[in-house]
Amino acid sequence: MNENPLYILAIESSCDDTAAAVLENAKVLSNVVARQAIHEEYGGVVPELASRAHQQNIVPVIDVALKKANIDRSQLNAIAFTQGPGLMGSLLVGSSFAKSMALALGVPLIAVNHMQAHILAHFIDEEGFEKPTFPFLGMTISGGHTQIVKVNDYFDMEVIGETTDDAVGEAFDKSAKILGLPYPGGPLIDKYAQQGNPKAFPFTKPKVPGLDFSFSGLKTQILYFVQKNVAENPDFIQENLNDICASIQHTIINILMDKLKLAVKETGIKQIAIGGGVSANSGIRNTLMEARKKYGWKCFIPKFEYTTDNAAMIGIVGYHKYRQQLFNDASVVSKARIPL
Ligand code: KG4
Ligand code: ZN
C-alpha cells in the first residue's frame, strides 16, 4: 500500500497490562504499556483488581500513545482491540472503550484474537528483524498460554499442541514461589539460572503424548524436592539458588524443545516463531539460536517489547484485518475463551 497510510489505534487489556499503540501501516509509532504492580503483593493476578486498574489507566495510556505517535485522533482510520481470550472484567474495559471511540470517530472497529496477535507480532516492521514466511510454526509461551500453532496464513492457524494444565509461564512463576521469590518469578529464575549448573538437580520430564504439554507435575516435583531438602538443611534454597533455578529452567526448556522437534518432524516445517512473555527467557533464546545451526531451523524471536503483552501486536493484526476489510460492528462481544 503506497497510497495513504493507515493509522490504527490498538488497545490491549486482556490480563494485567493496560496497553495502547498507534501504527502507521505495519510500523509502530508508539507502544505504551502500564503494568499493574498491585498484583505483586498477592503473588498472582487478581482479576477484580486488574479490571479496576484498567479503568484507571486506559484513558491516560491511550492519551500517551497518541501523543507519542504525534497523531491526532481525527487521523485514525480504525480502532483495534483485544476481544479475547483473557479475564472478562479486563477485556470489557478495553472493548467498551474501543467501541465508544470507534463510534465517536465514525471509523471501523476491529476485534482481535490475543493469541493470533502474539504470533502475528512477527509481522511488525522493525529494522533488523526478518519476517517468517507461510507456513511456519508459532509457539506462544506466556503466563496464560502454551501452544504450538501451524500458521498457514495470517488468519489461517491451527493449534497442533497445547498445555493440558499450567502454562509454561505459570511453571516458572509457581516454581519461583516455592523458592520464596516474588511474583512474577520467571525473570528471576532466568537471572539466577545464568550463574547456575543446569545439571545440578535432574528433574524428570512429564510423559505427555503428541504435541501437548503438561507442567503441573513438574511443579509438584519441585515442591517435594524443595520441602525434602529444606527439612534436612534449612539453608538449602539460599545455598543452592542458582543451581536450582538453572535446573528448573533447563527442564522446562527441554520440555519445550522436545515438542518443537516433534512438531518439525510431523509437519516438515522448519521455521519457528516464538511469542509471549516467556520468550524473553535467555535460556530459550540461546537454545533456539543453537537450533539454527544444530537442526537447520530458521528461528524468529521478536523484539522484547513485542513478546510480553502489548498493544502493537494487536495493531498489526488490526492492520492486516483492515486490508482484508474484516471489520466488526458494535454488537461484538468480549470472550474469555476464544478459538484461534
Ligand atoms: O506474555 P506475558 O507478559 O503475559 C501473559 O499473557 O501471561 O507473560 C508473562 C509471563 C510470566 O509468567 C513471566 O514470569 C514470564 O512471562 N516471563 C519469563 C521471563 N520474562 C517473563 N519467564 C522466564 N524467563 C523470563 N526471562
Ligand atoms: Zn499474552
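The shown structure was predicted, so the numbers you read here are calculated from the model rather than taken from an experiment. Every number for a ligand or one of its atoms is a count from 1 in the order of the listing.
Ranking protein heavy atoms by distance to atom 15 (C) of ligand 1, first place goes to V278 CG2, 3.9 Å. Looking only at protein heavy atoms, the nearest one to atom 26 (N) of ligand 1 is D190 OD2, 2.9 Å. From the protein, the heavy atom lying nearest to atom 14 (O) of ligand 1 is D173 OD1, 2.6 Å.
Within the sub-2.8 Å shell of the Zn ion (ligand 2), the protein contributes these N/O/S atoms: H114 NE2, H118 NE2, H145 NE2, D309 OD1.
Hydrophobic clustering (ILVMFWY, side-chain heavy atoms < 4.5 Å, transitive): Y319 and L120 are in one cluster. Transitive grouping of hydrophobic side chains (ILVMFWY, heavy atoms separated by less than 4.5 Å) brings V149 and I314 into a common cluster.
Of all atoms in ligand 1, numbered sequentially from 1 with element shown, those under 4.0 Å from a heavy atom of A280 are 20 (N), 26 (N). Within the listing of ligand 1, atoms 14 (O) sit less than 4.0 angstrom from a heavy atom of P184. Residue-ligand proximity, G169 to ligand 1, at heavy-atom distances under 4.0 Å covers atoms 12 (O). Close approach of ligand 1 to G144 is summarised as follows: ligand atoms under 4.0 Å from at least one heavy atom of the residue are 7 (O).
With distances taken over non-hydrogen atoms, the option nearest atom 2 (P) of ligand 1 out of G86, G186, A171, G277 is G277.
The pair D212-K259 does not count as a salt bridge, with every side-chain nitrogen at least 4.0 angstrom from each carboxylate oxygen. Salt bridge annotation for K174-E170: present, with a cationic side-chain nitrogen under 4.0 angstrom from a carboxylate oxygen.
Inter-residue side-chain proximity for M115 and M157 is flagged as unmet; no heavy-atom pair is nearer than 4.5 Å. Side chains of L188 and P182 form a contact here, defined as non-hydrogen atoms less than 4.5 Å apart.
When heavy-atom distances to ligand 1 are checked against a 4.0 Å cut-off, H145 comes that close only through its side chain, counted from C-beta outward. Heavy atoms of T308 found under 4.0 angstrom from ligand 1 belong to the backbone as well as the side chain.
For N70, the CG atom counts as loosely surrounded, since its 6.0 Å shell holds 12 or fewer non-hydrogen atoms of other residues, nucleotides or ligands. Residue K131 places its NZ atom among more than 12 non-hydrogen atoms of other residues, nucleotides or ligands, all under 6.0 Å distant. Residue-environment remark: CZ (R285) exceeds the threshold of 12 foreign heavy atoms within 6.0 Å.
Of the N and O atoms on the side chains of D166 and S216, not one donor lies less than 3.5 Å from an acceptor on the other residue. Counted by atom type alone, E290 and N286 present zero donor-acceptor pairs between their side chains at under 3.5 Å. Side-chain contact of S334 with S95: a donor-acceptor pair under 3.5 Å is present, judged by distance alone. For the residue pair Y306 and E126, a side-chain donor N or O sits within less than 3.5 Å of a side-chain acceptor on the partner.
Considering both main-chain and side-chain atoms, G276 never comes within under 3.5 Å of ligand 1 through any nitrogen or oxygen pair. Polar contact with ligand 1: absent for F172 (N/O pair, distance under 3.5 Å). Residue D309 has at least one N or O atom closer than 3.5 Å to an N or O atom of ligand 1. For ligand 1, the polar-atom distance check finds an N/O of N281 within less than 3.5 Å of one of the ligand's N/O atoms. Not one N or O of S282 is nearer than 3.5 Å to an N or O of ligand 1, by distance alone. Taking any N or O of G143, backbone or side chain, at least one lies under 3.5 Å from an N or O belonging to ligand 1. The shortest N or O to N or O distance between D17 and ligand 1 is not under 3.5 Å.
The shortest separation from a heavy atom of P187 to ligand 1 is under 4.0 Å, placing the residue in contact.
For W297 against M257, the heavy-atom pair with the smallest separation is CZ3-CE, 3.8 Å.
By the 6.0 Å and 45° rule, K270 does not stack over the aromatic ring of Y295.
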